[in-house]
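The structure displayed is predicted, hence computed values, not measured ones. Quick note on labels: first sequence line is chain A, next is B, and so on, each numbered from 1.
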Protein chains: 2
Amino acid sequence: MFDGSVIRKLRKEKNLSLKELSSKSSVSIATVSQIERDNTDPAITTLYKLCKGLDVTIAELIGYDDNTDRVVKKRDRKTITLPDSKLKYQLLSSRMKRNLEMVLVELEPHQEDRKLVTHKGEECGYVLQGSLTIILDNEEIHLEEGDSISFNSTIPHRYVNPTDEKSMSVWAMTPPSF
Amino acid sequence: MFDGSVIRKLRKEKNLSLKELSSKSSVSIATVSQIERDNTDPAITTLYKLCKGLDVTIAELIGYDDNTDRVVKKRDRKTITLPDSKLKYQLLSSRMKRNLEMVLVELEPHQEDRKLVTHKGEECGYVLQGSLTIILDNEEIHLEEGDSISFNSTIPHRYVNPTDEKSMSVWAMTPPSF
DNA sequence: TATATTTTTTCACTTTACTAAAATAGGGAA
DNA sequence: TTCCCTATTTTAGTAAAGTGAAAAAATATA
């Protein structure tokens, strides 16, 4: 069951009356009231309309006010192990359901993944330390410290550290792939 | 109107029959079929159920856009100026149309933004250097170097550097807000 | 090709969402 | 305290979602 109280909370935060939200969203006053009090389970289209009136996305609406485990302290980071990868991944974002994920990726000197990976969504990476070579399909892209890159994650890709120094980079992905 | 063909597409990708998805999601075969062909506008709870059967989140279901890649070299970074902010922002992601954005945020000692901001989406931040205090609504969250945080960007927020040292953090946002 | 089985769609019914109008509740002014 | 106005909830009706069973279509097998 969808929690309608989030709608009321957002509405009040934006200082809107039921009448005003009804007008902005083209949903009747009575319906908004019923949804807010969990008297009804809205159709997705009705939710879209309410989101328009509230100026939020559905993902935001569903994830709003979920403040559990926002912070990941350095000492509490989870290390991710992937079956096909020897690289060190540390999750920076919390494990709760979200549309955005952040990880630290560490490669030892001359380390690489042999296997190309592909997954839904897109990602951005920023080189914190050392260098990093990204193989995107058959293209080899070399990044120095401070460089960054964005690409579509469905493009088969893998990481290579061709140097004698450790490489550290931070990556954001939407949707999450871990 | 919600586009039900996404459900069919995902179902076929996962090699599920209507009967199998119906079973995994506890939604009747007939309903799944009707939703897939846009004959009906599902309740949000029904969509939750379908997502469970398809093993995707609502955000994933509702979708995002793919696009092409681009590198931002350190020397080519764009600095972003915001009308209400004195903080230094540098864009790490390309300016191409995307659903994901990454920026470097730099605060001088004792620098802060006085104004709470709110915008659509969600964000993750990782403290690269120094410390950073995030004000989320009325909550004050203190992060040390190496700490990270995820939150919904519609929650009013602002950044504060309460220390004598410079603070550097990297932030990912979806959807982009710059 | 014929038959069997599975998958999907249609049908008719029950249940529930959404609505306009009426009723109730809350707040402010005189 | 009374009155007025606005905000919210309730009511009763219409429209639409969700269902199980039947029908139709698609696929597999001999």
- Task: Nearest-nucleotide wise, let me know which of A:Ser28 and B:Ile29 is further upstream toward the 5' end of DNA chain C.
- Result: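 Final value for this comparison: B:Ile29.
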Where the side chain of [X] is defined as all heavy atoms beyond and including C-beta, which of [options] is the nearest nucleotide?
| X | options | answer |
| --- | --- | --- |
| B:Asp41 | D:dA17, C:dC18, D:dT8 | D:dA17 |
| B:Lys12 | D:dT10, D:dT8, C:dT8 | C:dT8 |
| B:Gln34 | D:dT11, C:dT10, D:dT8 | C:dT10 |

- Pairing of B:Lys74 and A:Glu145 as salt bridge, 4.0 angstrom limit: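 So B:Lys74 does not pair with A:Glu145 through a salt bridge.
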Does the side chain of [X] get closer than 4.0 angstrom to OP1 or OP2 of [N] through an N or O atom?
| X | N | value |
| --- | --- | --- |
| A:Thr46 | C:dA17 | no |
| A:Arg37 | D:dT8 | no |
| A:Ser33 | D:dT9 | yes |
| B:Arg11 | C:dT7 | no |
| B:Arg8 | C:dT9 | yes |
| A:Thr31 | C:dT19 | yes |

Protein-nucleotide distance ([X], atom [atom1]; [N], atom [atom2]), rounded to Å:
| X | N | atom1 | atom2 | answer |
| --- | --- | --- | --- | --- |
| B:Leu50 | D:dG18 | CG | C1' | 12 Å |
| A:Asn39 | C:dC18 | CG | P | 12 Å |
| A:Asp38 | C:dT16 | CG | P | 15 Å |
| B:Ile7 | C:dT8 | CD1 | C1' | 16 Å |
| A:Ile44 | C:dC18 | CD1 | C1' | 16 Å |

- Trace of the side-chain contact (heavy atoms from CB on, under 4.5 Å) decision for A:Phe151 with A:Ile134: CA-CA 11 Å; A:Phe151 60 89; A:Ile134 317 289; 4.2 Å; yes
- To the nearest 0.5 Å, what is the distance between OG1 (A:Thr46) and CG (B:Asp41)?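 Answer for the OG1-CG pair, A:Thr46 versus B:Asp41, is 6.5 Å.
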- Task: Determine whether the side chains of B:Glu123 and B:Ser153 contain a donor N or O and an acceptor N or O closer than 3.5 Å.
- Result: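 Yes, side-chain donor-acceptor contact under 3.5 Å.
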- With sequence neighbours excluded, give me every salt bridge (charged side-chain N to carboxylate O under 4.0 Å, His left out) pair touching residues 149-160 of chain A.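 Found A:Glu112-A:Arg158.
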- Among residues 15-26 of chain B, which residues get a heavy atom nearer than 4.0 Å to DNA chain D?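 Hits under 4.0 Å, by residue number: none.
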- Task: For B:Arg77, enumerate each residue passing the salt bridge (Lys or Arg N to Asp or Glu O under 4.0 Å) test, keeping only those at least two apart in sequence or located in another chain.
- Result: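 With sequence neighbours excluded, B:Arg77 shows a salt bridge (Lys or Arg N to Asp or Glu O under 4.0 Å) to no residue whatsoever.
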- Message: Classify A:Ala30 by what it touches in the nucleic acid, base, sugar-phosphate, or nothing, heavy-atom distance under 4.0 Å.
- Response: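 Base contact.
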- Item | Ring center gap for B:Trp171 and B:Tyr159 short of 6.0 angstrom |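 Yes, the ring centres sit under 6.0 Å apart.
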